[in-house]
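In listed order, ligands and their atoms are each counted from 1. Scope of the values below: all heavy atoms of this structure, side chains included, with no hydrogens, waters or symmetry mates. Only a predicted model underlies this, so the values are computations on that prediction, with no experimental measurement involved.
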Amino acid sequence: MPTMLTDVFRGHPIHLPHSHQPDFTSLSELPDSYTWTPKDDPLLDAAPSPPAASENIPLIDLNHPDAANQIGSACRTWGAFQIANHGVPLELLQGIEFLTGSLFQLPVQRKLKAARSETGFSGYGVARISSFFNKQMWSEGFTITGSPLNDFRKLWPQHHLNNYCDIVEEYEEQMQKLASKLMWLSLTSLGVSEEDIKWASANPDLNWAQSALQLNHYPVCPEPDRAMGLAAHTDSTLLTILHQNNTAGLQVFRDDLGWVTVPPVPGSLVVNVGDLFHILSNGLFKSVLHRARVNQTRSRLSVAFLWGPQSDIKISPVPKLVSPVGSPLYRSVTWTEYLRTKATHFNEALSMIKNDIDE
Ligand SMILES: C=C1C[C@]23C[C@H]1CC[C@H]2[C@@]12CCC[C@@](C)(C(=O)O1)[C@H]2[C@@H]3C(=O)O
Ligand SMILES: O=C(O)CCC(=O)C(=O)O
Ligand SMILES: [Fe+2]
């Protein structure tokens, strides 16, 4: 039996520096423990000099005949793009956003009933990566994998449960289909097809994939310029599909441009290349460094669909993409192994599985 995501962190408890969430609404100024300086994050104010032209991640129409190449090019230059005409019903996006809003509006005491345990995977809490920073992030999260029923039971009375569980399950299903479509479109642009990837062709019907949902809430913040919603990170996924409410906050990093804000485009979805897709593409696709900022007037919600392979699947650079360069840039790794490496080494995880290439 492959390890399920639920068991991934069993042997890797996170010891968070701060044990529980404050009541954000009661804070009128930013406490020191929430005030970030460049000492807490070297890339905090990273900006190009001279300031670059206002460039942004592309918005790609999935119905466009050239969508595959546009996606491929976005994966190489940005590691991120937005998509329109993705086929996910608008009501479903509205449904998951409504659910997310209702969840975070619950009283703190109720949310804490569904708190994620130190070794657990799902439930309410601060982002896992919080343990790597000295300062606290201005956000709260809720992680789900598979059926949310057990966790939702702790939050809501019976009569809400069916509806909320249906929304989550329908959302997971739609995202799963979309993610696989996006993966094959981007690989097509590299001349790679399903036959070139053994584990995919051997496990038809997406039996090789698994996923998690991360609901994020960034409350209104009294001093947004000195706070951090979610610190800079790359996702440990193949792909991540993100729905954000109509409030800006997500930023992606480009070496030549610094931090670039991804404007919300109603109805569209943001796609990030994760570390596993970077490995699979032998470094051709860039796993994008991103973060979330906060603001003073509007609370922000986001829903991230984190998508990867079943845990018995070894991800390694596609042979077709290795031969032109000579050797694979990375060793093979399962999603479980990678998540555990990330849980201990955070942003160094990718370099830890890099092959030493002899000159
Ligand atoms: C399947 C995943 C991917 C995780 C860990 C686990 C469950 C929650 C995901 C996130 C979501 C928030 C950012 C991140 C960096 C975090 O702290 O938790 C993500 C992390 C990763 O992509 O590494
Ligand atoms: O809230 C956002 O825009 C980013 C969320 C994110 O990066 C994540 O959940 O991994
Ligand atoms: Fe992320």
Legend entry - Contact with ligand 2 for Gln244, non-hydrogen, under 4.0 angstrom: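 No, Gln244 has no heavy atoms under 4.0 Å from ligand 2.
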Inset, instruction - Less than 2.8 Å from the Fe ion (ligand 3) is the window; count the protein N, O or S atoms in it. - result: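 Of the protein's nitrogen, oxygen and sulfur atoms, 3 lie under 2.8 Å from the Fe ion (ligand 3).
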Going by atom types only, do [X] and [Y] share a side-chain donor-acceptor pair under 3.5 Å?
{"X": "Thr119", "Y": "Arg10", "result": "no"}
{"X": "Thr37", "Y": "Asp40", "result": "yes"}
{"X": "Ser268", "Y": "Gln82", "result": "yes"}
{"X": "Ser122", "Y": "Asp151", "result": "yes"}
{"X": "Ser316", "Y": "Ser332", "result": "no"}
{"X": "Asn69", "Y": "Ser189", "result": "no"}
{"X": "Gln174", "Y": "Glu170", "result": "yes"}

Considering only heavy atoms of [X], which atoms of ligand 2 have at least one such atom less than 4.0 Å away?
{"X": "Gln214", "answer": "9 (O)"}
{"X": "His290", "answer": "7 (O)"}
{"X": "Arg300", "answer": "1 (O), 2 (C), 3 (O)"}
{"X": "Tyr218", "answer": "1 (O), 2 (C), 4 (C), 5 (C)"}
{"X": "Ala304", "answer": "9 (O)"}

Legend entry - His278 side-chain N/O to Phe285 backbone N/O, donor-acceptor pair under 3.5 Å: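 It does hold such a pair.
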Legend entry - Trp138 ring center within less than 6.0 Å of Tyr218 ring center: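 No, the ring centres sit 6.0 Å or more apart.
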Inset, instruction - Assert yes or no for the condition that the ring centre distance of Trp199 to Trp335 is strictly below 6.0 Å. - result: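 Aromatic pair excluded; centres sit 6.0 Å or further apart.
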Inset, instruction - Would you please write out the protein residues whose heavy atoms approach any atom of ligand 1 to under 4.0 angstrom, listed by chain and number? - result: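 Answer by chain and number: Phe121, Ala127, Arg128, Ile129, Gln214, His233, Asp235, Ser236, Leu306, Trp335, Leu339, Lys342.
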Given that the side chain starts at C-beta and the backbone is N, CA, C, O, which of these parts of [X] lies under 4.0 Å from ligand 2, counting heavy atoms, or is it both or neither?
{"X": "Arg291", "answer": "neither"}
{"X": "Asp235", "answer": "side chain"}
{"X": "Thr240", "answer": "neither"}
{"X": "Leu242", "answer": "side chain"}

Legend entry - Protein contact of atom 9 (O) of ligand 2 - nearest heavy atom, named by residue and atom, plus distance: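 That would be Asn216 ND2, 3.0 Å.
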Inset, instruction - Identify the protein heavy atom lying closest to atom 6 (C) of ligand 2, giving its residue, its atom name and the separation to 0.1 Å. - result: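 Sorting protein heavy atoms by distance from atom 6 (C) of ligand 2 puts Leu230 CD2, 3.5 Å first.
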Legend entry - Residue pairs fulfilling ring pair (Phe, Tyr, Trp, His ring centres under 6.0 Å) with at least one residue in residues 221-245, sequence neighbours excluded: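 Matches after skipping sequence neighbours: His233-His290.
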Legend entry - Partner set under side-chain hydrogen bond (donor to acceptor under 3.5 Å, both in side chains) for Thr240, not counting sequence neighbours: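 Checked Thr240 against side-chain hydrogen bond (donor to acceptor under 3.5 Å, both in side chains); matches are Asp235, Thr237.
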Inset, instruction - Count the heavy atoms belonging to other residues, nucleotides or ligands that lie under 6.0 Å from NZ of Lys113, then report whether that count exceeds 12. - result: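 No, NZ of Lys113 has 12 or fewer neighbouring heavy atoms, counting only those of other groups under 6.0 Å.
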Legend entry - Option among Ile279, Leu276, Leu238, Thr234 that satisfies the side-chain contact (heavy atoms from CB on, under 4.5 Å) test with Ser287: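 Testing Ser287 for a side-chain contact (heavy atoms from CB on, under 4.5 Å) against Ile279, Leu276, Leu238, Thr234 leaves exactly one candidate, Thr234.
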Legend entry - Contact check: Ser302 vs ligand 2, nitrogen or oxygen atoms, below 3.5 angstrom: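 In this structure, Ser302 places an N or O atom under 3.5 Å from an N or O of ligand 2.
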Legend entry - Test log, rule ring-ring contact (aromatic ring centres under 6.0 Å, His included), inputs Phe346 and Phe133: CA-CA 11 Å; Phe346 188 42; Phe133 297 90; 5.7 Å; yes
Legend entry - Evaluation steps, side chain to side chain donor-acceptor pair (under 3.5 Å), between Arg300 and Gln244: CA-CA 8 Å; Arg300 179 164 182 272; Gln244 50 179 341; 2.8 Å; yes
